[in-house]
Structure formats: C-alpha cells, structure tokens
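One structure is given below, encoded as structure tokens.
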Amino acid sequence: METQVAGPVLPESRGTVSDAVTRFLRGAGPPPGSREIAGADPFGDDLQLALYLCYELHYRGFADVDADLEWDPELLRCRAALEWQFLESLRDRATRHVSAREALDELLVEPPDGDGGGVGDFLQDEGELWQVREYAAQRSLYHLKEADPHAWVLPRLWGRAKAGMAAVEFDEFGGGRAERVHARLFADLMTDLGLDPTYGRYVDAAGAEAIALVNLMSLFGLHRSLRGALVGHFATVEITSSPGSRRLARAMRRTGAGPAAEHFYDEHVEADAVHEQVVRREVVAGLLEEEPQLDADVAFGVDATNHLEDALADRLLGAWRAGRSSLRTPV
C-alpha cells in the first residue's frame, strides 16, 4: 500500500457526509451511507466538499492519505451516490437547451461592457483589491488544476474533435514550457496579490459554489458517458473566457494587483479568442459529426456550467454589495 506523503492537507469537514468521508480517508471509519447522502443538499457545502474529497484522489491527493484509496470499492460506491445527487439535481435545475447550436449561439451574445452585471463588470468598474484577492482565492480551486480534468476526455474522442482538443490543451499546458503553463501563471497572479499559491490552500475558505464548479469538471471528465457534457463545458469556458478576461485584466490594472496578475488575464484574452474558434469548429463540430446523438449532452454541459457560474456570481456579488466577505475564512 502506497502512502501519499506530499500534497494538500485534508480540509475541515462541513457536515456529517464530508466528516464521514474525511474519517474514512484517515482510516477511522466507514464512508457515509446512501441514506445519509440522500438527505444532503446537492449544492450545499457538505455534499460538495465530500465529492471534492473523493475526486481529489484522482489529482494530487492529500498528505498522509493512502494513494490506493483512489480506487477503493467502498469509496467509489460512496462517490457514485454523491454524483447521482449532484447530477440529477443539475439535470432538473440547469437544463435549458435541447441542442448544442442553441446553447452555444446564446453564449456568443456578449453584453456591452458595464451592462452584464456580472463579477467581471463589478471588479473592473468598482471592485477593490480585497475583492480581487477573494475572487482569486475562490478561483484558485479551478485555476491551479486548469486543463487537467479536460485532459481525461482525450482518449474518448477521435478525428477532428481529438486533434482540436489536444491543440487547445497543449496551449493550456504552456506549449511545452513549464513557466507558461496556465496554472503556473495563476500561481504567479496569487503571489502578486499576497496570496499563498500552494495547491489546495484555499479549499477551506472557498464556498460550495466554487467547489461545485471544480466538481463539475471532474464529474464530466471521469465518466465516458458524459463526454459530450465535458465538451459542452469546455466550449463554455473557452467562448466566455476572452471577453471575461478582458474585464478582469482591467480590474487588475485599476486595483494595482501587479504585473503577473495583469499578465494572466491578458494571456487569456489572446489565447482564448483563438481557442474559441478551434473548440466550436473542430471539437464540438467534430464530435457531433461523429456522434450526433450527443447533441443534447453538449447542450447540457453548457447549461450546467452557466448554472453553477451564476450561483458563484450570486454569492460573490451578494456578499460584496453588502460589504461582506464572500469567503468562509479570511485570507
């Protein structure tokens, strides 16, 4: 049995379900049962953290947690129950479109600067440095593993879709240069902001909404049956990234966040404008040419991503406009 000796420490539990998963990872008890999981809020802190703990074993794991638990049958049964709660609730609440074209066309309608009412508009127009720091801490759960969950879909694609996906992933991973890997650039951004760039450092501080977005990528990436949804998620990220990054680059300059913080978003303005075209014309079109039956799944991936992004925006803007922190613990 191999023991994981490097990696983040286990975060604090947020309820009975995540506490049982944590104890199981420490060898101190069984994982939570299906009845216990069924009673948890599918979008709440407890279930989302429990699912995050299960998924993280497929990434870098946790310090002093046995690496072989990644494929433990008991934990996989627990994870399946958690996933079912999350996925069924998403299908019920998030589904809005029946075709990929419908869902993607809506993404391409970009509101004028200042009219979007989103987090990027708020930060570029009136955000303060402490709010920029909170935003970076919440987003670090995703950006410090940026592109990793999307790589799982590569063996499940072929032809144009595989080639296009690999091309975009190559850029995300720095084009072969370690210092240009996007996760490394985000770590540099965090350093500029006086944040700890250690992987997993702000899990305890992040809300359920930020954790759910990371869990969504893992859910889609780890299941071949959800490959269409993963492509829809990926397309959403790439299509919305360039205009969103332009707003955030302005926010970094206006608040004096620092050169590395500015560079991260400047890089995404340019790179993701190109990626958008590749994803729509090669990845999505190539996938649906080969597997047209996945059309609704691609649309679901778009809808689910937007649903969770809206939930995170509501948390951030609701707190900031009330003069409160959006974080569970201070940074």
Side-chain angles (χ1 to χ4, degrees), residues 8 10-19 21-22 32 36-59 78-96 118-119 134-150 152 199-223 226 229-230 232-237 240-241 244 297 300-319 325-329:
L10 282 166
E12 293 293 323
S13 59
R14 303 186 187 184
T16 57
V17 176
S18 55
D19 183 62
V21 172
T22 300
E36 197 174 4
I37 291 170
D41 177 355
F43 299 103
D45 282 292
D46 193 24
L47 186 142
Q48 288 300 324
L49 179 62
L51 191 52
Y52 178 89
L53 295 173
C54 294
Y55 284 147
E56 195 56 35
L57 300 180
H58 298 292
Y59 294 99
C78 165
R79 195 188 89 189
L82 293 166
E83 288 176 329
W84 188 88
Q85 288 281 97
F86 184 34
L87 183 58
E88 289 304 300
S89 296
L90 275 173
R91 291 195 189 280
D92 181 56
R93 301 187 196 185
T95 302
R96 295 181 53 242
V119 173
E134 286 197 358
Y135 180 76
Q138 297 262 20
R139 286 293 192 184
S140 68
L141 275 64
Y142 161 62
H143 282 302
L144 292 181
K145 58 162 61 78
E146 187 168 349
D148 289 348
H150 300 131
W152 279 320
Y199 181 88
R201 168 66 177 79
Y202 293 109
V203 174
D204 282 324
E209 298 83 359
I211 296 174
L213 276 163
V214 177
N215 285 342
L216 184 74
M217 294 188 297
S218 302
L219 171 66
F220 290 166
L222 284 166
H223 291 269
L226 295 171
L230 189 282
H233 163 80
F234 190 63
T236 307
V237 171
T240 60
S241 177
D297 288 351
F300 171 65
V302 175
D303 288 343
T305 305
N306 285 331
H307 181 80
L308 295 181
E309 286 285 358
D310 288 346
L312 177 59
D314 287 346
R315 179 191 181 100
L316 295 174
L317 295 174
S325 171
S326 67
L327 299 173
R328 299 178 71 254
T329 59

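The first residue in the sequence is number 1, and the count goes up from there. None of the values given here were measured: they were computed from a predicted structure. These numbers come from the heavy atoms of this one structure, side chains and all, not from hydrogens, waters or symmetry mates.
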#### Entry: Cys78 side chain near Val21 side chain, heavy-atom distance below 4.5 Å
yes
### Query
Side chains of Leu317 and Val119: does their closest heavy-atom pair fall under 4.5 Å?
yes
### Query
Which pairs, with at least one residue in residues 301-315 and sequence neighbours excluded, count as a salt bridge (charged side-chain N to carboxylate O under 4.0 Å, His left out)?
Arg139-Glu309, Glu209-Arg315
### Pairwise side-chain contact, Asp45 with Arg328, heavy-atom cut-off 4.5 Å (strictly under)
yes
### Query
So do Leu47 and Val17 actually touch side chain to side chain, heavy atoms under 4.5 Å?
no
### Summary
OG (Ser218) and NE2 (His223) are apart, to the nearest 0.5 Å, by 9.5 Å
#### Entry: Sequence-distant partners of Tyr199, ring pair (Phe, Tyr, Trp, His ring centres under 6.0 Å), two or more places apart
none
### Message
So, using ring pair (Phe, Tyr, Trp, His ring centres under 6.0 Å) as the criterion, who are the partners of Tyr202 when residues are at least two apart?
### Response
none
### Query
Looking at NE2 of His233 and CG of Leu226, how far apart are the two atoms once the value is rounded to the nearest 0.5 Å?
12.5 Å
### Summary
Closest non-hydrogen contact found for Leu213 with Leu308 is CD2-CB, 3.6 Å
### Message
If the condition is side-chain contact (heavy atoms from CB on, under 4.5 Å), which residues does Ala304 pass it with, not counting sequence neighbours?
### Response
Leu90, Leu216, Phe220, Phe300
### Task
Applying side-chain hydrogen bond (donor to acceptor under 3.5 Å, both in side chains), name anything that partners Ser325, two or more places apart in sequence or on another chain.
Glu134
### Query
Sequence neighbours excluded, which residues qualify as salt bridge (charged side-chain N to carboxylate O under 4.0 Å, His left out) partners of Asp19?
Arg23
### Task
Kindly write out the residues that satisfy salt bridge (charged side-chain N to carboxylate O under 4.0 Å, His left out) with Glu56, not counting sequence neighbours, or none if the list is empty.
Lys145
## Note on the structure
Heavy-atom closest pair (Ala94 atom, His307 atom, distance to 0.1 Å) is CB-CB, 3.6 Å
### Within-4.5 Å side-chain heavy-atom neighbours: Pro11 and Leu53
yes
### Query
Which residues pass the side-chain hydrogen bond (donor to acceptor under 3.5 Å, both in side chains) test with His58, sequence neighbours left out?
Glu70, Arg79
### Point-to-point distance, once rounded to the nearest 0.5 Å, from OG1 of Thr240 to CG of Asn306
7.5 Å
### Query
With Arg201, which residues qualify under side-chain contact (heavy atoms from CB on, under 4.5 Å), at least two apart?
Asp196, Thr198
### Query
Excluding sequence neighbours, so at least two apart, what forms side-chain contact (heavy atoms from CB on, under 4.5 Å) with Asn215?
Gln48, Leu51, Tyr52, Tyr55, Phe86, Ile211
### Message
Using 0.5 Å steps for rounding, measure from the CG atom of Leu219 to the SG atom of Cys54.
### Response
12.0 Å
### Task
Indicate, with yes or no, if the rings of Tyr59 and Trp152 have centres closer together than 6.0 Å.
yes
### Query
Can you check side-chain contact (heavy atoms from CB on, under 4.5 Å) on Asp46 and Asp41, steps first, answer last?
CA-CA 8 Å; Asp46 193 24; Asp41 177 355; over 6 Å; no
### Query
What closest approach, in Å, do Gln138 and Ala210 show between heavy atoms, and which atom pair accounts for it?
OE1-CB, 3.4 Å
### Message
Distance check, rounded to the nearest 0.5 Å: Thr95 atom OG1 versus Asp92 atom CG?
### Response
8.0 Å
### Message
So, using salt bridge (charged side-chain N to carboxylate O under 4.0 Å, His left out) as the criterion, who are the partners of Arg96 when residues are at least two apart?
### Response
Glu106
### Task
Over all heavy atoms of both residues, which pair between Pro42 and Ser89 is shortest? Give the atoms and the distance, please.
CG-OG, 3.1 Å
### Query
What pairs with Ala81 under side-chain contact (heavy atoms from CB on, under 4.5 Å), at least two apart in sequence or on another chain?
Ile37
### Task
Please name the pair of heavy atoms, one in Pro149 and one in Met217, separated by the smallest distance, quoted to 0.1 Å.
CG-CB, 3.7 Å
### Task
To the nearest 0.5 Å, tell me how far Tyr135 OH sits from Ser140 OG.
11.5 Å
